[in-house]
Amino acid sequence: MLALPPMTFDEFLDVAARVDVEIDDRWRGTIQLATFHPDYRFANSEGKDDPADYTNRSPFPVLHFLLEDEVTAALEAYGREDADAIWRRNKALTRRLGLREMRRRLLGSFISEEEEEQGREHNSAKGE
């Protein structure tokens, strides 16, 4: 896993594409790339505020290198059809939870539980 410095999503996609080309040229069949970014959007997203995009959002840009043998073993353990169901279930779950909850969870990765509780107490005192 490689955490990258802050960059726009378009810049990140360019970096990820270059890395993916290197993987294809040198390690095809050995390494797979998974990508995560604070502003991640799938090509088939339902719009800029689709909660399903949060399945690939992270506090900072990340390139996650997966060993294909381990991915294959996991798929075989769950069954290939079940692996597709996991993706669909995650997408449905994030949409059911909604944008506000997904944003709260991503923000929660930046602050401690104590800071989050202080924020709730502050908002409660203000009547929010």
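With rounding to the nearest 0.5 angstrom, the CD atom of Glu11 is 10.0 Å from the CG atom of Leu13. Atoms CG and CZ, on Asp39 and Phe9 in that order, are 8.0 Å from each other to the nearest 0.5 Å.
Of all heavy-atom pairs between Thr55 and Phe36, the closest is O-CE2, 3.8 Å. What you find for Thr35 and Asn56 is that their closest heavy atoms are O-ND2, 3.0 Å.
Applying the side chain to side chain contact (heavy atoms under 4.5 Å, CB included) test to Leu97 and every residue at least two apart in sequence or in another chain returns Leu93, Glu101, Met102, Arg105. Residues meeting the ring pair (Phe, Tyr, Trp, His ring centres under 6.0 Å) test with Phe12, sequence neighbours left out: His37. In this structure, Arg89 has no side chain to side chain donor-acceptor pair (under 3.5 Å) partners at least two apart in sequence or on a different chain. Legend: residues meeting side chain to side chain contact (heavy atoms under 4.5 Å, CB included) with Arg100, ordered by chain and number and at least two apart, are absent. A search for salt bridge (charged side-chain N to carboxylate O under 4.0 Å, His left out) contacts involving Asp53 returns nothing, not counting sequence neighbours. The salt bridge (charged side-chain N to carboxylate O under 4.0 Å, His left out) search around Arg103 returns Asp49, not counting sequence neighbours. Glu68 meets the salt bridge (charged side-chain N to carboxylate O under 4.0 Å, His left out) test with no other residue; sequence neighbours excluded. The side chain to side chain contact (heavy atoms under 4.5 Å, CB included) check on Asp69 picks up nothing, with sequence neighbours excluded. Remark: Arg41 engages no residue in a side chain to side chain donor-acceptor pair (under 3.5 Å) (not counting sequence neighbours). A search for side chain to side chain contact (heavy atoms under 4.5 Å, CB included) contacts involving Val71 returns Gln32, Leu66, Leu75, not counting sequence neighbours.
Hydrophobic clustering (side-chain heavy atoms under 4.5 Å, transitive across Ile, Leu, Val, Met, Phe, Trp, Tyr) groups Leu33 together with Leu2. In this structure, Ile23 is not a member of the same hydrophobic cluster as Val21, with clusters built from ILVMFWY side-chain heavy atoms closer than 4.5 Å. Phe65 and Val62 are members of different hydrophobic clusters when ILVMFWY side chains are connected at heavy-atom separations under 4.5 Å. In the hydrophobic clustering of ILVMFWY residues, with side-chain heavy atoms under 4.5 Å counting as a link, Phe42 and Leu63 come out together. When the side chains of ILVMFWY residues are joined at heavy-atom separations under 4.5 Å, either directly or via intervening members, Met1 and Ile31 end up in two distinct hydrophobic clusters.
Within the structure, salt bridge (Lys or Arg N to Asp or Glu O under 4.0 Å) pairs that include any residue of residues 90-99 comprise Glu46-Arg95, Asp50-Arg95 (at least two apart or interchain). Here side chain to side chain donor-acceptor pair (under 3.5 Å) pairs that include residues 19-31, with residues two or more places apart or in two chains, are Glu22-Arg26.
Put simply, the side chain of Pro38 reaches to within 4.5 Å of the side chain of Pro61, judged on heavy atoms.
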